[in-house]
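This report concerns only the one structure given below.
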Amino acid sequence: MVKTEGPRSLYNGLVAGLQRQMSFASVRIGLYDSVKQFYTKGSEHVGIGSRLLAGCTTGAMAVAIAQPTDVVKVRFQAQANVSSARRYKGTMDAYKTIAREEGMRGLWKGTAPNITRNALVNCTELVTYDLIKDALLNSNLMSDTLPCHFTSAFGAGFCTTVIASPVDVVKTRYMNSAKGQYQSALNCALTMLRKEGPRAFYKGFMPSFLRLGSWNVVMFVTYEQLKRAMMSARVSWEAPF
């Protein structure tokens, strides 16, 4: 890509990607603890079922709200970075062109597989992180510090890639397909299986793992540090003068 399209091609869809992460993350991660408490009715004991339900709920909510940003991101990342092959001039042009040529439904193309994918990713990321972290703390292998957060996040990234990769491949293929190429996401998956075999569902596993692994480490480590800083600030605010 660098040789044929230039270094900037590696950042195709960056603006849409930032829009996607801000909207997705604020819902699926920001509401996770609140939804988890809702399902447990405020109980201190949180079972794996409640965690899975909370992950599925916030993951599906995030897709319902932010699906257009994901469609534009996928289209941008797939287009060649040469003027003759570019489908869109910019991020806003992509939103307008898709809405004009494919209707508003075009901006929500692939919502069903994306809900499945995001529910799986959210469950695996958040629940696996919780479980690995709890196991490390309960067995006294690590304390609740940066190394524990890093290890838990890296493990969550690997598990997420294994579980979500097939859905991710189908979602990306379907969202980037020409109009009428596939009848549905299921038809896309069956076509892939028939023409390319089961291994097609794990195409790009290593770059996907590098992306999800690094994302999980950055996200969870940052989240834990911010949470700790906010708790410290709250204690200092509530402390008597």
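Below, all heavy atoms of this structure are taken into account, side chains as well, without hydrogens, waters or symmetry copies.
Linking Ile, Leu, Val, Met, Phe, Trp and Tyr whenever their side-chain heavy atoms come within less than 4.5 Å puts Trp215 and Val127 in one cluster. When hydrophobic clusters are built by joining Ile, Leu, Val, Met, Phe, Trp and Tyr residues whose side-chain heavy atoms come closer than 4.5 Å, directly or via intermediates, Val2 is not grouped with Leu210. Both Ile132 and Leu141 sit in one connected hydrophobic cluster of ILVMFWY residues. Membership requires side-chain heavy atoms under 4.5 Å apart, directly or through other members. Grouping the Ile, Leu, Val, Met, Phe, Trp and Tyr side chains by contacts below 4.5 angstrom, directly or via other members, places Val217 with Phe158. In this structure, Leu186 is not a member of the same hydrophobic cluster as Phe201, with clusters built from ILVMFWY side-chain heavy atoms closer than 4.5 Å.
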Using a 3.5 Å cut-off and no angle test, enumerate the donor-acceptor pairs between side-chain atoms of residues 28-35 and protein atoms at least two apart in sequence or in another chain.
unit_1 : atom_1 : unit_2 : atom_2 : d
Arg28  : NH1    : Asn122 : OD1    : 2.6
Arg28  : NH1    : Glu125 : OE1    : 2.9
Arg28  : NH2    : Glu125 : OE1    : 3.1
Tyr32  : OH     : Asp130 : OD2    : 3.3
Asp33  : OD2    : Tyr223 : OH     : 2.9

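Between Glu224 and Lys133 a salt bridge is recorded (basic side-chain N to carboxylate O distance below 4.0 Å).
When the side chain to side chain contact (heavy atoms under 4.5 Å, CB included) test is applied to Asp93, the partners found at least two apart in sequence or on another chain are Tyr88, Lys89, Thr97. In this view, Tyr129 and Phe220 satisfy the ring pair (Phe, Tyr, Trp, His ring centres under 6.0 Å) rule, not counting sequence neighbours.
No side-chain donor-acceptor contact under 3.5 Å links Thr151 to the backbone of Cys148. Although no hydrogens or angles enter the test, the distance criterion places a donor-acceptor pair under 3.5 Å between the side chain of Thr40 and the main chain of Gln37. A side-chain donor-acceptor contact under 3.5 Å links Thr69 to the backbone of Ala66.
Considering NZ of Lys109 and CG of Asp70, their distance stands at 13.5 Å, rounded to 0.5 Å. Put simply, CD on Gln225 and CE on Met230 are 14.0 Å apart, with the number rounded to the nearest 0.5 Å. The CD atom of Gln21 sits 11.0 Å away from the CG atom of Leu14 when rounded to the nearest 0.5 Å. Rounded to the nearest 0.5 Å, atoms CG (Leu126) and CE (Met219) are 6.0 Å apart. One distance of note links NZ of Lys203 with CG of Asp168; it measures 14.5 Å at 0.5 Å rounding. In this structure, NZ in Lys73 is found 11.0 Å from CG in Leu18, a value given to the nearest 0.5 Å.
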- Begin with the C-alpha distance, continue with both residues' side-chain angles, and end with the deciding distance and a verdict on side-chain contact (heavy atoms from CB on, under 4.5 Å) for Tyr202 and Val169. CA-CA 7 Å; Tyr202 282 92; Val169 170; over 6 Å; no
- Query: So Thr191 and Arg173, side-chain contact (heavy atoms from CB on, under 4.5 Å) or not? Walk me through it.
  - Reply: CA-CA 11 Å; Thr191 302; Arg173 185 81 64 94; over 6 Å; no
- Can you list the steps and then say if Met61 with Phe24 is a side-chain contact (heavy atoms from CB on, under 4.5 Å)? CA-CA 9 Å; Met61 288 170 62; Phe24 266 69; over 6 Å; no
- Query: Hey, mind stepping through Thr161 and Phe205 against side-chain contact (heavy atoms from CB on, under 4.5 Å) and telling me if it holds?
  - Reply: CA-CA 7 Å; Thr161 309; Phe205 180 86; 3.4 Å; yes
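The minimum heavy-atom distance linking Thr128 with Cys159 is given by the pair CG2-SG, 3.9 Å. In this structure, Phe154 and Phe209 approach most closely via the heavy-atom pair CZ-CZ, 3.6 Å.
Looking at heavy atoms from C-beta onward, Thr58 lies out of side-chain contact with Lys36 at the 4.5 angstrom threshold. Taking the side chain as every heavy atom from C-beta outward, Thr91 and Gln19 approach each other to under 4.5 Å. Annotation: side chain of Thr57 is in contact with side chain of Tyr39 (closest heavy-atom distance under 4.5 Å). You'll find the side chain of Val72 stays beyond 4.5 Å of the side chain of Arg75, heavy atoms only.
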